[in-house]
Amino acid sequence: MKDEFTAEEKKGLYKAIQSRRDVRSHFTSRPIKDEVLSRILNAAHHAPSVGFSQPWNFILIKDPQTKSKVKESFEKERKRSSKLVEEPKKSKYLSFKLEGILESPINLCVTYDPSKFGPFVIGRSTIPKAGLYSVCCAIQNLWLAARTENIGVGWVSILSNKILKEILELPNHVIPVAYLCLGVVNEFSSKPDLEKEGWLPRLELRDVIYFEKWGKKENLTWRNIQDFITTNLDYP
Ligand SMILES: Cc1cc2nc3c(=O)[nH]c(=O)nc-3n(C[C@H](O)[C@H](O)[C@H](O)COP(=O)(O)O)c2cc1C
């Protein structure tokens, strides 16, 4: 095959996927180089998108006033959402560090603009949310590219979209999808923070795969892969 990945390249991709983390602290004071930031944004911009609509925009933020306003919204929403959970989980939830808005040198809001190349977008008339899914693909590209550049990325969703829209002066039809905090880090944790804290465990791969129909975990014609997903998950 033309343009096949070498073994090293494959390793690199799987390494990025396995070792990517949501980062909320331990950002260093080293600035993100413009050329690195551009590469990461370009990785995001090359994500798949429904009907090739590329419905994303990336708002780069470093103004401390903007960050403070966003942080205020975070504090408010964190308090509000903590009322939805009983003790002892409530105190545990409130003890977690769940954002790095002020500590990270760059904040980035990724938005969804449903009007881009619209109103008819191939593939979106039946599943309108496909536009939003496309933006999420861009965010994942960015997250993985950032990992390879030693840039930590933390996604903050404990925010009011209404307030965010006001702060960033988004047009009414544009939806904020992700508010991300970016900064250079010295290391990435080997496991998700929420796993380390005992909040939730990582599920086994075999427990999230069904064969042919919802809930079917056994199937003779799939027996070979059943062995692999249970015992043999080595990377090439
Ligand atoms: C849509 C989305 C929203 C998230 N919102 C938050 C958030 O508000 N605060 C936070 O600390 N982490 C947030 N995260 C990060 C998750 O907690 C994290 O991805 C998960 O615990 C697994 O850890 P890992 O990303 O390090 O593998 C979010 C992740 C996604 C995909």
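Counting starts at 1 for both ligands and their atoms, in listed order.
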Within the side chain of K165, is there an N or O that forms a donor-acceptor pair under 3.5 Å with the backbone of N172?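 Yes, the answer is positive, given that a donor and an acceptor are paired below the 3.5 Å cut-off.
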
For E187, is the CD atom crowded, meaning more than 12 foreign heavy atoms sit under 6.0 Å from it?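 Counting other residues, nucleotides and ligands, CD of E187 stays at 12 neighbours or fewer.
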
With a 6.0 Å cut-off (strictly less than), is the heavy-atom count around CG of L13, excluding the residue itself, greater than 12?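 Yes, because the 6.0 Å sphere around CG of L13 holds more than 12 heavy atoms from other groups.
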
Could you please provide the protein residues found below 4.0 Å of ligand 1 on a heavy-atom basis, arranged by chain and number?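 Its neighbours under 4.0 Å (heavy atoms only) are R20, R21, D22, R24, L98, W155, V156, S157, I158, P192, L194, given by chain and number.
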
Which class fits the ring pair W143 and W155: parallel under 30°, tilted 30 to 60°, perpendicular over 60°?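 Because their plane-to-plane angle lies in the 30° to 60° range, the rings of W143 and W155 count as tilted.
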
Would you call the rings of W199 and Y93 parallel, tilted or perpendicular, taking 30° and 60° as the class edges?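 W199 vs Y93 ring planes: tilted.
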
Residues forming a side-chain contact (heavy atoms from CB on, under 4.5 Å) with D63, sequence neighbours excluded: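 For D63 the side-chain contact (heavy atoms from CB on, under 4.5 Å) partners, ignoring immediate neighbours, are Q65, T66.
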
